[in-house]
Each structure stands twice: as structure tokens, then as C-alpha cells.
Amino acid sequence: MKNPKRYLITAALPYANGLKHIGHLAGAYLPADTYVRYLKAQKRDVVFVCGSDEHGTAIPIQATKEGTTAQAIIDKYHPIIAQNFKDLGIEFDVYHRTSSPLHHETAQEFFKVLNDHGDLEIKASEQYFDEAANSFLADRYIKGTCPNCAYESAYGDQCERCGKTLSPDELINPVSALSGNKPVKKGTQHWYLPLDRHEKFLSDWILKDHATDWRNTVVGQCKSWIDGGLQARAVTRDLDWGIKVPVAGAEGKVLYVWFDAPIGYISATKQWALDHGKDWKPYWQDKETKLVHFIGKDNIVFHCIIFPVMLQLHGDILPDNVPANEFMNLEGDKMSTSRNWKLEMQDYIDDFINKENGGPQLADALRYYLTQIAPETKDSEFTWKGFQDANNSELVNIFGNFVNRAMVLMHKLCNSKVPPIYPELFDELDTEAIKAITNSKEKVESLLEQYKFRDALFEVIDLARTGNQYMQKKEPWILAKQVDENGKIKVEAQRLIDNCLHICLQMTANLAILINPFLPFTSKKICHLLKVVDKILEWKNAGKFKLLSVGYTLRPPELLFRKIDDTEVTYQIEKLHKALEASKAISEEEKAAPAFVPVKSEIVFDDFAKIDLRVGKILSAEKVEKADKLLKLGVLLGFETRTIVSGIALHFKPEEIVGKQVTVVVNLAPRKMRGIESNGMILMAEDASGKLHFVNPEDAIGEGSTVN
RNA sequence: GGCGAGGUAGCUCAGUUGGUUAGAGCACAGGAUUCAUAACCCUGAGGUCUGGAGUUCAAAUCUCCAUCUCGCUACCA
């Protein structure tokens, strides 16, 4: 969309169950803030919305963990996260929260509109129910053994150890997190958003209309979803923390968090409008609004598939682009909260910005490095050494040094004033330096429009590099040695000096404008040094040569940045490893005192007698095609040889287990897996680490022997 | 297993519709300089573009096979 009337920029709503790390910052908030600052410098009509996502089951669960209420959790994290953003110069127009009444109304209205239009489906289903607590259990409230890694405290939606997404039915030995009882299945009904009805719309809109202007990774991810066939997704849940479903017969149900969260962008816009006496409607309903969502790749499906369908059904505009970033790793490994391998915004703020030698310049240092390594096209990696290098040898040595030497020389050789210019004395170097300013402006502008923040930032630094080269070639400090008999610099030499420093100072003013979207604190500081008002930072001034008036006295030089010391880097790396060790120690402790799987409900002897267990011997074993975990086993039972499919491929290699004796349930109903019929089940014992062991007789005995 | 995104210099990444000796920054080496935060500036070294095959006058770029990394997804009685 070219020259839209107004912009609405969103950054993913942080989930208010804990602190956010620099991966989140680099993925969504920093690029969004940079883009918004650029638009605002252009005096565009733009609103930048964000806020806390405060519903969903993880919040009440976190509350149980911390021994408090869900409300207390969100009231704790909402202000901290908001403050973290402020400290790092992420400046939202509104930082709202989904627990607000305004949001509840907005989300309910949204649901009603869809429901009234017949855009939702109601489906009955069976779900786990805790009879003791008299309540349905959300996925997150069911714990059990992970079928993937055998972790015993996996949640019904995801295993925190191996990270695999699960459904409650997959858990082995599911247990209610509320009462510890085994849950029962019970009928319930839910509202669904039938995405399958909108495949054509999505496919046309994304795969045709936006095939080229959206990022590869985003289009690819969407294609994968669309081609895979879209399914109806439940938009309600049986839970008491969230937004009540505003329809009769939906008692005890709330909107599913993924449904209400993106609507948070709309309610945040409403809040902003209320606060500023504006009308929010055009921002969501007028086609001349450019809506851009900044998110991480984990959010692509919601912002490119589900939310657009919702918006379209509700009659709102669609996003013009969703520049999702990939992930940022840390010192060679994935960032992970549970493993304690992370750098939280709060940590950086404490260790750098709020330190004695800190200040906002260190917020800019982080902003610089995170933009420079932004995972725009693939996963990237934060290293402390990289941070130090980027800060010291680019930001400080190139950019900071250029500004500083221009200021110092001006004070020494030009009487602390912006020197006059003599265009008739310009040589090629001078005109090229001036041209470089305009060039940079154009390049930066075009790159920012394409969401190429990394490249745009490089162009700004490159202008400072050009400035250094120019100054080096001009050597005003050498010219200053041409003095007359009174020790005064000769007039011709002084004129050349004046020209050089005038150009360098104008370049400095331009650098302040160009770097402003990226490093806002630095821009302010340059304005201070040049004694100009912030108004000069308006983008229309970029590329101009007459930003500073001749004869104007400037402030004494002051360093823009400081270097990052080796000791700071080693300290951070040690801290990181110590945190990892600490979290390892904790999980060791948990292992030492394992949470035993609760004993199942009592059975009578007859129940047990129904199970026919026999000793068998594995004669053959091979991997099942197209399945990671399955082995097809040929098992000798004495009276016959059976084919049994077993999910142990991750634990055993086929050749290792041939010849082993095993215990087999032989009267289990046959079941097809990956097209192969399995006739029985191999018993496995599982240790604390999740490793599987065969259960077999102490001495080899005849195959087919009974086990009682 | 399927799908998606990647694999280019020690590191971080560019390489548009296939077209001269594959580029940049950082790091490294040598030189020059002193206005500047031991900064800047100049020069240099460095790559069988993951491997293999094919199409073509011409392949980092197109096709196929293999392999590794990340993400989504399937299989677990």
C-alpha cells in the first residue's frame, strides 16, 4: 500500500506470566518501535499498540505455583514488562491489558457478531472432567507422562522438557492438576471457528496477493498450513479465568485465549482513542489504513491465518504485512526459560542501563546489536562477544568517534561555532560528501519501507564511515599548521578547514535524524550537543545540508557511547552458565525425589486375570517407514510368531534388541499403526530419566510361558 | 515420514529475472597518521558458494539425489 492515510502498528502482546527476554525484544518490539519512530518522524498518522495478554490457563497455573491468584500474577508482571519496554526506549502509544473491562466488552462483541452471522459452529465433544473439583480441565490442567520424552510432569498442551506440542489424550496416565485425581471424560460443547470455509480466501490473499511482498518465511509457513488443510478451531474453553462467552447456555465457558488476545489490538486502539479524544474506527475499518503486525515466527499462524479470518468476518481491514522474525539463540543454544538459558530485558537493564556507568546510551547499545543481528531471514545468535564487538568497533569507533572528532575539531579550529562555507572552494571530495548524505537518506528510507532494519541500520553507520574517510582525506588538523608570522591560521587554510567542518557538522545533524528510529536516545544526545530542538529530527530534514546555522555556538564535546569492557563480557557469560547449572541442580533434585505417578484406582483379581501375559523373544526388528518412533517386531511366542508394533524406536536400535526376551500382552485387541497391524504389546519399565527398559525373566525360559 | 525455512570467508550476513576474476561489515595481518574513546584512514590475506549428479555457451543462482540445522506436523496400547 503506497501512501496510506494512516498506520496501525501492532507488536505481539506479551503473555503476562513472566519476564520477557531479548529474543522477544529483537523479534517483535524493537523492529516495530523502529518502524513506528520512522513513520512518526515522517509526521504520519500512526498508532502503535501493544499490551499484556492476561488470559489463558498458564496464568492461573503460574498463580498456583507462586501460591497466589491469577489477578495477582498479571498485576505483578504487567507493570514490570511495561517498564522494561520504557527503559529500552520501546514507546507504545498505548500499553493496554486484556483484563480490562473495555477489552472484555470488545471481545464479547466480536464473538457475538461472528456468532450471530452464523460464522461459528457448535460442536459437542468429550473432555476431561475432574469430578472432585467439579470442573472441566483445560489442557494445561492435565498432567501426565510425555509420550515423546517420558517426562512425568508434561502438560496436556505441551511438554516443558522436550517442548513437544501435545493433546491431553496423548498423555500417559493423565492426572488432574486441581485434585490429583484421574480425570474422567465427559460431554461438553464448544464454539468453533471453521477455518476450512475460508481456505480459498486465505490462499488468494496470501499465496497470490502477497506472494512477493511478504517475507519468504511467512508465506512459506502459511502455505504449509493452507496446503495441509485447515480445520475448525475451538474458540471457547471450559475455564473460569478469561472472558465469559456472551451467549445463553455457555455458563462456565470463556473465550479461548488465542481468540481474545489479538482482539486486544482493537481494544488497545479504543483505549488510545478514549485517552486522546480520537475516533478508533477508521484505524480498523477504513481501507486506507495500513495495518502491520510485528511478531515472532511462533505467532505466524495466528496473525496470518486465524486473525485475518476473524477480521474479515467481522468486517475489519486486513494486515498489509506481517514481518515476522525468526528466533534468536543465545551463546550457541536456544533460549529457554525452563532451562534458564536466557537474557531477560530486566537483567540487561539491571546490569547495564541502571548501573553507575550505564544510562540510556546502553539501551541504545543493545538496540544497535539486536537490530544488527535481527533474525529477519533465519535464526540468528546473540553472543556477548558479538555484542561487545558491535558496540566497540562499530557504534563507538565508527559512529561515536566521527561525531566526537567533528565536535572536538570544531571547538579547536572554528572557535566553537558552526563555521561558514565557501562553496566556490568545494572540490570533488566535498561535493561527494554532501551527496553521500542524500544517498544515505534515500537508501535508509527505502530499506525501512521494506522492513529491512538490519540493512537500513548498516547504511546509517556507513554514512558515519564515509564521514571518517572524508575527514581523513581533508586533514583539517594538518591545514591548521599553515600559520602566518603571528601564529594565526592563514585565511586560505582556515576557509578549507571551515568547509570541511561545516560539512562534518551537517553530516552529524543528518546522522542524528537517520539514527533516530534505531537509537532514539543517541539522537537526543546529538541534538543536545548541537543545541538544536528535537523538531530537527523530522524525517523531511534528512538529506538536507542546511540543518545548522553558520555562526551558531555549540556545546562542548561529550562522548555518545562507552565501550564494553572484557570483564563485563566474561561476567555475563559466567552468569549465564551459573544460571544453567543452578537450574540443572534443581532438576537433579527433582529427580532425586521423583514425583511418583499416583497409584491407579483399585481393580479386582478378575480384572487382572483378563490380561494374558507371556514371555516372548524378539526374532526380528525393523524401523517402520515414515514413522520416527515405531519399530515393527517379529515376536516368537512359542505357539506362534506375531507382528507387534512398538513405539520404542527412539530408545533402541533394531539390531540391538533382536534375540531379547520380553513380556508381551498377548490378548490385547489388534490395532493398526501406520498401516501395520499390531497384535499385542511389549511391556516396558521406565526409569526416572525416562529411559525404557525391557521387562523380562531373570533367566531365559521357554517362549510362550505364562506370566502371572 | 510429510511440509516449510535455511546451509556462501574465522564470525554475522548480501548476492535481484543463471552472465566477466563471488561481495560487505567485524575479527586478523601489514602500513600510514595523530583531530579523535589505543580511535580513524589505506592496503592485504581468506571461500571446491554443505556434498554429488544433471540442464546450459555459461550455475551460488535452475532440476534431481544425499546430508546437516531450525520450525510445524504424523506415528506412540
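Just so we're on the same page: letters track the sequence lines, and every chain starts at 1.
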Sugar-phosphate only, base, or nothing, as touched by [X] at under 4.0 Å among non-hydrogen atoms:
{"X": "A/Lys334", "value": "sugar-phosphate"}
{"X": "A/Gly680", "value": "sugar-phosphate"}
{"X": "A/Val665", "value": "nothing"}
{"X": "A/Glu394", "value": "sugar-phosphate"}

Review point. Do other residues, nucleotides or ligands put more than 12 heavy atoms under 6.0 Å from A/Lys452 NZ?
Key: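 Not buried by this count: 12 neighbours or fewer within 6.0 Å.
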Exercise for review: Compare every heavy atom of A/Met471 with every heavy atom of A/Pro476, then report the nearest pair and how far apart it is.
Suggested key: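 Smallest heavy-atom distance, with atoms named: CD-O, 3.6 Å.
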Report all side-chain donor-acceptor pairs from residues 327-335 of chain A shorter than 3.5 Å, counting only partners two or more places apart or in another chain.
residue: A/Glu331; atom: OE2; partner: A/Trp384; partner atom: N; Å: 2.6
residue: A/Asp333; atom: OD2; partner: A/Arg339; partner atom: NH2; Å: 2.9

Check your understanding: Going by the angle between their ring planes, with limits at 30° and 60°, are A/His24 and A/His21 parallel, tilted or perpendicular?
Key -> parallel
Practice item. State which residues pass ring pair (Phe, Tyr, Trp, His ring centres under 6.0 Å) with A/Trp225; sequence neighbours excluded, sorted by chain then number. Key: none
Check your understanding: Can you name the side-chain contact (heavy atoms from CB on, under 4.5 Å) partners of A/Glu622, sequence neighbours left out?
Key -> A/Lys632
For [N], what is the paired nucleotide under Watson-Crick or G-U wobble rules, both distances under 3.5 Å?
{"N": "B/C3", "value": "B/G71"}
{"N": "B/C40", "value": "none"}
{"N": "B/G18", "value": "none"}
{"N": "B/A32", "value": "none"}
{"N": "B/C11", "value": "B/G25"}
{"N": "B/C62", "value": "B/G54"}

How far does the [atom1] atom of [N] sit from the matching atom of [M], given to the nearest Å?
{"N": "B/U20", "M": "B/G2", "atom1": "C1'", "answer": "43 Å"}
{"N": "B/U12", "M": "B/A74", "atom1": "C1'", "answer": "36 Å"}
{"N": "B/A9", "M": "B/U67", "atom1": "P", "answer": "22 Å"}
{"N": "B/A22", "M": "B/C49", "atom1": "P", "answer": "10 Å"}
{"N": "B/C57", "M": "B/G10", "atom1": "P", "answer": "35 Å"}
{"N": "B/G44", "M": "B/U55", "atom1": "C1'", "answer": "39 Å"}
{"N": "B/C40", "M": "B/G15", "atom1": "P", "answer": "28 Å"}
{"N": "B/U34", "M": "B/A27", "atom1": "C1'", "answer": "24 Å"}

Among all residues two or more places apart in sequence or in another chain, which pass the side-chain hydrogen bond (donor to acceptor under 3.5 Å, both in side chains) test with [X]?
{"X": "A/His502", "value": "A/Gln506"}
{"X": "A/Asp566", "value": "A/Gln388"}
{"X": "A/Asn679", "value": "none"}

Write down the distance between [atom1] ([X]) and [atom2] ([N]), rounded to a whole number of angstrom.
{"X": "A/Glu326", "N": "B/U69", "atom1": "CD", "atom2": "C1'", "answer": "12 Å"}
{"X": "A/Ile300", "N": "B/C70", "atom1": "CD1", "atom2": "C1'", "answer": "13 Å"}
{"X": "A/Gln221", "N": "B/U73", "atom1": "CD", "atom2": "C1'", "answer": "10 Å"}
{"X": "A/Asp298", "N": "B/G4", "atom1": "CG", "atom2": "P", "answer": "21 Å"}
{"X": "A/Arg215", "N": "B/C70", "atom1": "CZ", "atom2": "P", "answer": "22 Å"}
{"X": "A/Asn216", "N": "B/G71", "atom1": "CG", "atom2": "C1'", "answer": "15 Å"}
{"X": "A/Leu668", "N": "B/A77", "atom1": "CG", "atom2": "C1'", "answer": "6 Å"}
{"X": "A/Leu633", "N": "B/A77", "atom1": "CG", "atom2": "P", "answer": "10 Å"}

Practice item. Quick one: which residue pairs count as a salt bridge (Lys or Arg N to Asp or Glu O under 4.0 Å) with a foot in residues 469-483 of chain A, not counting sequence neighbours? Key: A/Asp427-A/Lys474, A/Asp430-A/Lys474
Review point. Going 5' to 3' along nucleotides 37-43 of chain B, which nucleotides have protein heavy atoms under 4.0 Å from the base (write B), which only from the sugar-phosphate (write S), and which from neither (write -)?
Key: B-SBSS-
Check your understanding: Quick one: which of A/Val322, A/Leu207, A/Asp209 gives a side-chain contact (heavy atoms from CB on, under 4.5 Å) with A/Trp214?
Key ->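 Per the side-chain contact (heavy atoms from CB on, under 4.5 Å) rule, the option paired with A/Trp214 is A/Val322, out of A/Val322, A/Leu207, A/Asp209.
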Exercise for review: Using only side-chain N and O atoms of A/Lys223, determine if any of them is under 4.0 Å from OP1 or OP2 of B/A5.
Suggested key: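 No, no such contact exists.
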Point to revise | N-glycosidic conformation, B/G46 - syn within 90 degrees of 0, else anti | key: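 For B/G46, whose glycosidic angle is within 90° of 0, the conformation is syn.
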Under 3.5 Å, which protein N or O atoms sit close to an N or O of nucleotides 12-15 of chain B? Give each pair with its distance.
residue: B/C13; atom: O3'; partner: A/Arg454; partner atom: NH2; Å: 3.0
residue: B/A14; atom: OP1; partner: A/Thr377; partner atom: OG1; Å: 2.5
residue: B/A14; atom: OP1; partner: A/Arg454; partner atom: NH2; Å: 3.2

